[in-house]
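Quick notes on the structure that follows.
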Amino acid sequence: MELLAAVLLLLVPKALAQGQCMNLSPLCGQSPGWPSTSLCTANYVSSNCQQFCGACSCDTDPRGPCLNGGTRGGNPNNYGTRTCDCNCPAPWQGDRCEVCAAFCLHGVVDQATCSCQCSPGYYGDDCSETCKNLDPKCGASPGWPLTSMCSTSYVLDLCNEFCGVCTCADDPRGPCLNGGTRGGNPANYGDETCNCNCVGNWVGDRCEVCAAGCANGGTLDPATCTCACSDGWDGDFCHLPCIDSNPLCGANPGWPDASMCSTDYVMDGCHAMCGVCSPLEECTDADTGVIYLKGQQWAKHDAANSHTMLCTCLGPDYYVCEDVPDWTGP
């Protein structure tokens, strides 16, 4: 403080000689300090705070008015010969706030307003932010499930995407593919707010990767990322047997025919009856218990009577057998 006082004593005569308006202490207008002009009745305040107490004004500063919204005086951090320096609103700088110091990470500077014009998908004063929600409660239930709650300031501040302040539609990564969508998923928040919500078996940053693997002879359709299952198999990856999971399928009383498959709970429980999958068409020989597929043939021998038949599987547990005269097979 002694050094500061000595410096000010050296500056005061020169400044006063030039008619410069000054506060001599950083306490002028500062809190804690001398925060109100009512304290100017005290001699030690008025003598140290000429500009603050109104004994002089920065309006007549010989450097001229500040530009671009800048003001002179009234800043406790500027005292001594800097009392009337310009207080520039960011991002303006310079002796008269004439220099635009804006920096745009993803955008360009509008020199007229010294503000950033952000590229699509970027936000913020310097275009460094993407659209995001900051809380998993945005759009969640229980949480803040309705946009009508965006009138509450803390919801609006935390839920920019949910409240429509910004949108994921112009995300710089581009649109999601194969039916995927960006935004609207409470599980994705923060930097993940605009991640793709992929459907079906699609995965990847833009839902561009098909993650389906078809088992049991199933065939993959790469265009739809779905499996076409072989007879006898069911499920997204052909990993389940094709059966009806409900004993009422085809039963009477029950759900006796496929005309009822338009009802969702019938369809869900009766994949085989409703044709969601194709049952494996096989026959079981009533005498031997051997299973044969549709179209297969086998011989039935009656060694005692020297009698032989050729049997053909025609469908599920339906086969016919015909006599074969003069059989020479095994």
Side-chain angles (χ1 to χ4, degrees), residues 90 103-107 115-215 218 220-227 229 234-240 245-246 261-271 274 276-277:
F103 169 75
C104 308
L105 185 61
H106 298 286
S115 61
C116 289
Q117 301 295 314
C118 298
S119 301
Y122 291 99
Y123 302 86
D125 291 341
D126 61 355
C127 305
S128 63
E129 296 292 331
T130 54
C131 188
K132 65 184 65 174
N133 296 318
L134 300 179
D135 196 290
K137 292 190 286 295
C138 302
S141 185
W144 302 317
L146 302 174
T147 53
S148 61
M149 300 187 72
C150 292
S151 57
T152 306
S153 59
Y154 63 85
V155 176
L156 183 63
D157 292 342
L158 291 171
C159 305
N160 276 193
E161 186 270 337
F162 172 68
C163 291
V165 175
C166 59
T167 176
C168 291
D170 57 4
D171 189 275
R173 291 171 290 183
C176 305
L177 306 176
N178 300 302
T181 58
R182 291 195 187 277
N185 183 356
N188 291 341
Y189 61 98
D191 290 336
E192 298 180 354
T193 298
C194 290
N195 283 2
C196 283
N197 307 301
C198 300
V199 297
N201 301 314
W202 295 102
V203 298
D205 289 342
R206 297 182 63 198
C207 309
E208 76 280 13
V209 178
C210 177
C214 307
L220 176 66
D221 180 349
T224 61
C225 194
T226 57
C227 293
C229 298
D234 191 15
D236 289 343
F237 309 114
C238 307
H239 59 296
L240 301 172
S245 59
N246 194 307
C261 290
S262 57
T263 306
D264 54 1
Y265 60 85
V266 176
M267 174 78 78
D268 291 342
C270 305
H271 278 198
C274 293
V276 175
C277 60

Test C138 against Y189 for side-chain contact (heavy atoms from CB on, under 4.5 Å), laying out the working first. CA-CA 8 Å; C138 302; Y189 61 98; over 6 Å; no
Output, in order, the C-alpha distance, side-chain angles, deciding distance and verdict of side-chain contact (heavy atoms from CB on, under 4.5 Å) for W144 and D135. CA-CA 10 Å; W144 302 317; D135 196 290; 4.1 Å; yes
Compile the donor-acceptor pairs under 3.5 Å between side chains in residues 198-214 and protein atoms, sequence neighbours left out, one pair per line.
{"from": "N201", "atom 1": "ND2", "to": "C225", "atom 2": "O", "distance (Å)": "3.0"}
{"from": "R206", "atom 1": "NE", "to": "P175", "atom 2": "O", "distance (Å)": "2.9"}
{"from": "R206", "atom 1": "NH2", "to": "P175", "atom 2": "O", "distance (Å)": "2.9"}
{"from": "E208", "atom 1": "OE1", "to": "R206", "atom 2": "N", "distance (Å)": "2.9"}

What side-chain donor-acceptor pairs closer than 3.5 Å can you find for residues 163-172, not counting sequence neighbours?
{"from": "T167", "atom 1": "OG1", "to": "A169", "atom 2": "N", "distance (Å)": "3.0"}
{"from": "D170", "atom 1": "OD1", "to": "Y123", "atom 2": "OH", "distance (Å)": "3.4"}
{"from": "D170", "atom 1": "OD2", "to": "G121", "atom 2": "N", "distance (Å)": "3.4"}
{"from": "D170", "atom 1": "OD2", "to": "Y123", "atom 2": "OH", "distance (Å)": "3.4"}
{"from": "D171", "atom 1": "OD1", "to": "R173", "atom 2": "N", "distance (Å)": "2.9"}
{"from": "D171", "atom 1": "OD1", "to": "R173", "atom 2": "NE", "distance (Å)": "2.9"}
{"from": "D171", "atom 1": "OD2", "to": "R173", "atom 2": "NH2", "distance (Å)": "3.3"}

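Partners of D264 according to the side chain to side chain donor-acceptor pair (under 3.5 Å) rule, which considers only residues two or more places apart in sequence or in another chain, do not exist here. Scanning for side chain to side chain contact (heavy atoms under 4.5 Å, CB included) contacts around S119 gives Y122, with sequence neighbours left out. Listed by chain and residue number, E129, D191 satisfy the salt bridge (charged side-chain N to carboxylate O under 4.0 Å, His left out) test with K132 (two or more places apart in sequence, or in another chain).
Looking at every heavy atom in both residues, V276 comes nearest to M267 through CG2-SD, 3.2 Å. Shown here for S148 and S151, the closest heavy-atom pair between the two residues is O-OG, 3.2 Å. Across every non-hydrogen atom of R182 and C176, the tightest pair is CG-SG, 3.2 Å. The shortest non-hydrogen separation linking C227 to C238 is CB-SG, 3.6 Å. For C116 against C127, the heavy-atom pair with the smallest separation is CB-SG, 3.4 Å. When all heavy atoms are compared, the tightest approach of G190 to T193 is O-OG1, 2.8 Å.
Of the candidates D125, T130, D126, D126 is the only one forming a side-chain hydrogen bond (donor to acceptor under 3.5 Å, both in side chains) with S128.
Taken from CZ in F162 to NZ in K137, the straight-line distance is 12.5 Å, to the nearest 0.5 Å. Between H271 atom NE2 and S245 atom OG the span is 7.0 Å, to the nearest 0.5 Å. Considering CG of L134 and CG of N160, their distance stands at 7.0 Å, rounded to 0.5 Å.
In this model, a donor atom of one side chain and an acceptor atom of the other lie less than 3.5 Å apart for N197 and N185.
Sorted pairs that involve residues 149-163 and meet salt bridge (charged side-chain N to carboxylate O under 4.0 Å, His left out), not counting sequence neighbours, are lacking altogether.
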